[in-house]
Each structure stands twice: as structure tokens, then as C-alpha cells.
Amino acid sequence: MSLATRWLELADIKDELAARDWFPGTSGNLAIRVSDDPLEFLVTASGRDKRKRTPEDFVHVDAAGRLIGEQTGKPSAETLLHVEVFNRTDATCSLHVHTVDNNVISELHAATGEVVFTGQEIIKALGYWDEDAVVRVPIIENHADIPTLAAAFAPHIHASAGAVLIRNHGITVWGETPDAAKRYLEAYEFLFSYTLKLRALGVHS
Ligand SMILES: CSC[C@@H](O)[C@@H](O)C(=O)COP(=O)(O)O
Ligand SMILES: [Zn+2]
């Protein structure tokens, strides 16, 4: 797939997530694979308002997250997390957002290092079709030092689809295709929101 096609795909996903208000305060970053050999990808430029659509929204980087050639703009500060996903799996898209729900869930379940979901129809959107399937989302501590954060994140990357919560920071979700990554992210955020609403009603699942 061409760079231009990939750019448009990621820009459309960015617009859809922006419409959900999932990029508060310039938070969040998105990445899409452009080629496998050598591994190259597009990633959001750092510090930008991801609700706006501009020609400077993404930069083109190599397998280590370094700019390829002359480009204005800086790769996302959290590019190394996407580097880990793309180097370890065949995922084509990796999405990171900060929402109030994913932050609260990460704090509530931090002590156990994971949040577990079962008995929810929406887990079919994550590819779990068994009635008693169990979905586990690992929670890692937030580290200001990004190589340290990436080292804590990497052991939780097992397949071309997955998700990791970063405590009081956000979630990173990846998938085999850009649409799959977006679907997984939406399903996880649904589960987080549902769980918090139940808790607010005094029900603990
Ligand atoms: C502005 S708060 C969020 C940042 O510190 C970071 O966590 C984030 O998600 C966005 O950083 P960015 O460098 O724009 O990709
Ligand atoms: Zn972040």
C-alpha cells in the first residue's frame, strides 16, 4: 500500500477518534505501517492538536522510530511504543489515547496488574466468541522515561492484536488492520465505560 493511501487511512481514523473527543490536551498518538522490509511507518507528529487535519499531522519513520529523510515535525514522544508493536508483530496499526475512563480503570485495577472482562457481548468485537471467554488487559506503571516505559510495555506484546493500559496515562491498542485496531479500541473503551457506570451504581464486577 502506498504512503499516500496509508496517510489517508490514518488521517480518517484520527478524525473518527477526534470526533469521540479522545485527544484531550494534544494527548494521544497513532501509527500505521507503510512497509515491512524495511519496516517503516507513519506516526503522528509530536505535540499537535490531533483534532485538526493538516499536511503536518504525520511523519515517516524507520524501524527505530527515526525520521526518514528531510521532514519538518518531530515523531510522537511515544513512538518507541509503536516501534515495539511493529517490530514484534504483523500489526499494521497502533493507537494510543488518553480517556478519563481508561485512566480511572487503570488506577482502580493497578494493584492486580490487569483488568478482566467476561460475560459481555462486545468482547466478540475483540475476536472472543466463546460464551465464557475471558479478556484480560494488562496494566503497567507509567514511566516518564520513554525507553523505560517501552521496556515495561514490550513483554505484553504477544500477537498482532492486543492492548496495554498505562496507569493514569492511557491505552495502546494494536491490530492486524487499521479498522481492526479501531474496533478493538472502541470495544475496550465500551468495557471501561460500562464497568465504571456499574461501579457508580454501587455494583462491583
Ligand atoms: C500532552 S499530554 C500527553 C503526552 O505527554 C503523551 O502522553 C501523548 O500521548 C502525546 O504525546 P505526543 O508527543 O504528542 O505523541
Ligand atoms: Zn500518551
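Read the numbers this way: they start at 1 and go in the same order the structure lists the ligands and their atoms.
- Within the protein, the number of N, O or S atoms lying under 2.8 Å from the Zn ion (ligand 2) is 4.
- No close placement of the W174 and Y188 rings is indicated, their centers lying 6.0 Å or farther apart.
- Listed by chain and number, the residues in a ring pair (Phe, Tyr, Trp, His ring centres under 6.0 Å) with H169 are H96, H98 (sequence neighbours excluded).
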N/O pairs closer than 3.5 Å, ligand 1 and protein:
residue: ligand 1; atom: 7 (O); partner: E78; partner atom: OE1; Å: 3.3
residue: ligand 1; atom: 7 (O); partner: E78; partner atom: OE2; Å: 2.6
residue: ligand 1; atom: 7 (O); partner: H98; partner atom: NE2; Å: 3.2
residue: ligand 1; atom: 7 (O); partner: H169; partner atom: NE2; Å: 3.1
residue: ligand 1; atom: 9 (O); partner: G28; partner atom: N; Å: 2.9
residue: ligand 1; atom: 9 (O); partner: N29; partner atom: ND2; Å: 3.3
residue: ligand 1; atom: 9 (O); partner: E78; partner atom: OE1; Å: 3.1
residue: ligand 1; atom: 9 (O); partner: H96; partner atom: NE2; Å: 3.4
residue: ligand 1; atom: 9 (O); partner: H98; partner atom: NE2; Å: 2.9
residue: ligand 1; atom: 13 (O); partner: S46; partner atom: OG; Å: 2.6
residue: ligand 1; atom: 13 (O); partner: A77; partner atom: N; Å: 2.8
residue: ligand 1; atom: 14 (O); partner: G47; partner atom: N; Å: 2.7
residue: ligand 1; atom: 14 (O); partner: K50; partner atom: NZ; Å: 2.7
residue: ligand 1; atom: 15 (O); partner: N29; partner atom: ND2; Å: 3.0
residue: ligand 1; atom: 15 (O); partner: S76; partner atom: OG; Å: 2.6

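- Under the 3.5 Å distance criterion, the side-chain polar atoms of Q120 are left unmatched by any main-chain donor or acceptor of F117.
- Applying the side-chain hydrogen bond (donor to acceptor under 3.5 Å, both in side chains) test to residues at least two apart or on different chains, none of the pairs has a partner in residues 154-163.
- Between R6 and E9, at least one side-chain N (NZ, or NE/NH1/NH2) sits under 4.0 Å from a carboxylate O, which counts as a salt bridge.
- Salt-bridge annotation for E189 and R20: absent, with no side-chain N of the basic residue lying under 4.0 Å from a carboxylate O of the acidic one.
- For S35 (side chain) and D37 (main-chain N/O), no donor-acceptor pair under 3.5 Å exists by modelled atom type.
- Atom CZ of residue F192 and atom CD1 of residue I105 lie 6.5 Å apart, to the nearest 0.5 angstrom.
- Scanning all heavy atoms of the two residues, the minimum distance from P75 to V59 falls at CA-CG2, 3.6 Å.
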